[in-house]
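Everything on this sheet refers to the single structure shown next.
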Amino acid sequence: MAGWQADSLAREEEGRRLAQAIQQQGQDTLRMLEPFAVSDEAALNLHAEPDPRWAQRELARHMALLQQDVALLVRPDGFLELALAGREVLPPAQAAPLLAQLAPAIAALRGQRNAHRPQATTLGTTQGQGLRLLLTTRLSGRPAQVALATIIPATQVANLPPPPPPIVVMLRWLDSPGFLRGVSSAQMLAGLRVAPVLAEEGLATLTLPDATGAPVLRLAWDAQRPGAALRQDVLPFVWAGVVLVGLMAFWSAWRLRRTVRALAERERDAAIAAHTDALTGLPNRRALLAQAPALLAAQPMLLMVLDFDRFKRVNMGLGHAAGDRLLAGTAQRLGEWLRDTQEDARLFRLEGDQFVLLVPAPSELPAQARGPALRLFARLRRAIRQAVLLEGGEIRLDVSAGMVLSPAHGTTLDALLRHADAATQAAKREGRGRALMFEPRLDRQHEHRLALESALLRALREGLLHVHYQPQFDARTGALRGAEALVRWDDPRLGAISPAEFIPLAEEMGVISDVALLVLRQAVSLLRDPAIPRLSVNLSVMQLRRDGFLDQALSVLAEAGVPPARIEFEVTEGVLVEDTVAVKHRLDALRAAGFALALDDFGTGFSALAYLRLFRFDRLKIDRSFIRDLGQEAEAAAVVSSVINLGHGLGLEVVAEGVEAPAQLAELRRLGCDLVQGYLTGAPMPPGALKLLAARASEAGMRQDHALDHPAPL
């Protein structure tokens, strides 16, 4: 009877823990949803004219953070603004039934007083009075846990429309395999599943009701049976006689205690595993979410997001298995270094190659904390940059970081991570291998970048990108030998945008091939006139990597009736070091198809002679930075002369870029340069050559303006 009672108590305890865990998950969802629902940013983006891009991005991010299956954004008029399942937008046919079934809950939430009104405090700020609601119900025949919250500002925000406010709905299916696996692992319930109508023998069950008491979901699992071992061991000895009863009772109690202790150890091990990253052994995102609130409330903290630079190259070049080994080894070395030198630091793996470091701040003021934080980053970087032997070679990782200070840059983990991520991206844009402390301007830069991304996509759709041309002349005769096609962008809203800004952005967005094909199509239309011998077009590493680029280029030329020999692709030295073997294969394929190749901006990159021997080029272009002082400084002439002799020694034509003065042209002629490119002030040119180039471009529908004379390089 003691064994049976132990089995019964174990089932009751497991059921109680399961019900509490499900309820606690819902409460945690409401609590973690508050920074999004009570937020000036959300109110400004969702009340008056909802920003669909912002709404989709933020809802998807919070869904992933809260581990939800479906998210709905309900407008003040009760209609659906947005529905997401994962990162995909749900079609109205699937989202409408969910909204209809949730209508009573939404009405109940809106019906509560002051659900949308902020209440002024003595400090001049506002305390949000937005309401939240958690319910367990059945939607479209499936059991679900639903969290609803009104979206209101955290402070007094002008120009917001009158109530009612929008409502955000987060939904998780209680019968999904992911939910059942997570609860089963956390609560150590073997075989947790949706219960059949008739429960099998030995199964424990739990029925989850809705607010009216009607059953929503019935769960079953393989119940623990601590009393089974007790019965198996005790019953044979009972028949031995009353004499052994006392001894067997003691022995049975000891076994029961050991069983309970084993269960407790299993619970502890499961809790540790749930908060530990499997690859690196570091605390994971779940551990960060659990520990950060208490740490941030106790004292000022410095939060540093560490993001390895160009880590994708390792995965692409050596494979993900090698990348995982490198990541695990670097994380282990970094963790050991922190334990030896910074005992109060806490390191977490956020995701991928991103890590978060939490350490007590030396000061609450960013100006005073910046210096110690940068010195800490410098020591971290030295530890990370140690060479690692992998796949028979040495690999060195570098790292960029964004730093924030609590409470100066935010009091919630969500706000701190968002600001730290903005600082990290800024550090990568400014050269990588560095750390930046968050500043309000970085938020503005992030907003500008989002606006630029949207504008670039619009420019590609509406044909707002244009090609300008810079002529190339024979240095000795002045004959027009060709031109370089340069892409320009004048946005009607943002104005003229430099290629140095939008070309890297196009590469990151994955639309650089679209830009390149646009340039190529406009350029080949100019080549229909035989007066233009050849056009040069810049080529990026992403275009080389893209399968099918050669076929697309040949197709564009075939449509225009232009042979490949009249197109020259220019690549920079940086392209050659990305993946030498693959790049050589692609460049050889372009040469085999008839295209000419030029090495652009020679001298500004790696300038390794091995590249000139390994890769076959037709022309070598001297960067304008070496031409600027030509005719004025003897050192400049020595450098340019060396490059010209090197090119001629390798059988290459040499082109000088940025030639803008007669003295430069005269010196280049003396040094034996083949071609010059640029606006030659006062230099003799073929009569009407520049006008001819402009006229041909105009006939093809191209815009020519002052950029024809002074274009920035692509």
For a side chain to side chain contact (heavy atoms under 4.5 Å, CB included) check, start with the C-alpha distance between Leu289 and Asp28, then their side-chain angles and the critical distance, and finish with the verdict.
CA-CA 11 Å; Leu289 293 174; Asp28 290 343; over 6 Å; no
Over 60° means perpendicular and under 30° means parallel, so classify the ring planes of Phe308 and Phe355, tilted if in between.
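Perpendicular.
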Angle class for the His419/Phe438 ring planes (parallel below 30°, perpendicular above 60°, tilted otherwise)?
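Because their plane-to-plane angle is under 30°, the rings of His419 and Phe438 count as parallel.
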Could you tell me which non-hydrogen atom of Met403 sits nearest to which non-hydrogen atom of Met304, and how far apart they are?
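Scanning both residues completely, I find the closest heavy atoms to be SD-CE, 3.6 Å.
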Looking at every non-hydrogen atom in both residues, tell me the closest pair between Gln25 and Arg172 and how far apart they are.
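Heavy-atom minimum between the residues: OE1-NH1, 3.7 Å.
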Output yes when a side-chain donor or acceptor of Ser400 lies under 3.5 Å from a complementary backbone atom of Thr424, and no otherwise.
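It does not hold such a pair.
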Are more than 12 heavy atoms, taken from residues, nucleotides or ligands other than Arg286, located less than 6.0 Å from that residue's CZ atom?
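Count not over threshold, so no.
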Is atom CD of Glu88 surrounded by more than 12 heavy atoms (other residues, nucleotides or ligands) closer than 6.0 Å?
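Not more than 12 within 6.0 Å, no.
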Contact check, side chains of [X] and [Y], non-hydrogen atoms, under 4.5 Å:
X: Leu417; Y: Val356; answer: yes
X: Val216; Y: Arg138; answer: yes
X: Leu134; Y: Gln23; answer: yes

Output all residues satisfying side-chain hydrogen bond (donor to acceptor under 3.5 Å, both in side chains) with Gln368, sequence neighbours left out; order by chain, then residue number.
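In terms of side-chain hydrogen bond (donor to acceptor under 3.5 Å, both in side chains), with neighbours along the sequence ignored, Gln368 is linked to Ser363.
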For Asp414, check side-chain hydrogen bond (donor to acceptor under 3.5 Å, both in side chains) against everything at least two apart and list the hits.
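For Asp414 the side-chain hydrogen bond (donor to acceptor under 3.5 Å, both in side chains) partners, ignoring immediate neighbours, are Arg61.
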Is there a donor-acceptor contact under 3.5 Å linking the side chains of Gln27 and Arg31?
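Result is no, nothing qualifies.
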Salt-bridge contact Asp175-Arg142 (side-chain N to carboxylate O under 4.0 Å):
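Answer for the salt bridge query: yes.
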Tell me whether Glu336 is salt-bridged to Arg333, with the criterion being a basic N under 4.0 Å from an acidic carboxylate O.
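Not counted as a salt bridge, because no side-chain N and carboxylate O are separated by less than 4.0 Å.
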In chain order, what residues pass the salt bridge (Lys or Arg N to Asp or Glu O under 4.0 Å) check against Arg53, with sequence neighbours excluded?
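Here the qualifying residues are Glu453.
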Of Ile384, Asp307, Thr330, the residue whose pairing with Val399 passes side-chain contact (heavy atoms from CB on, under 4.5 Å):
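Filter result, single survivor: Ile384.
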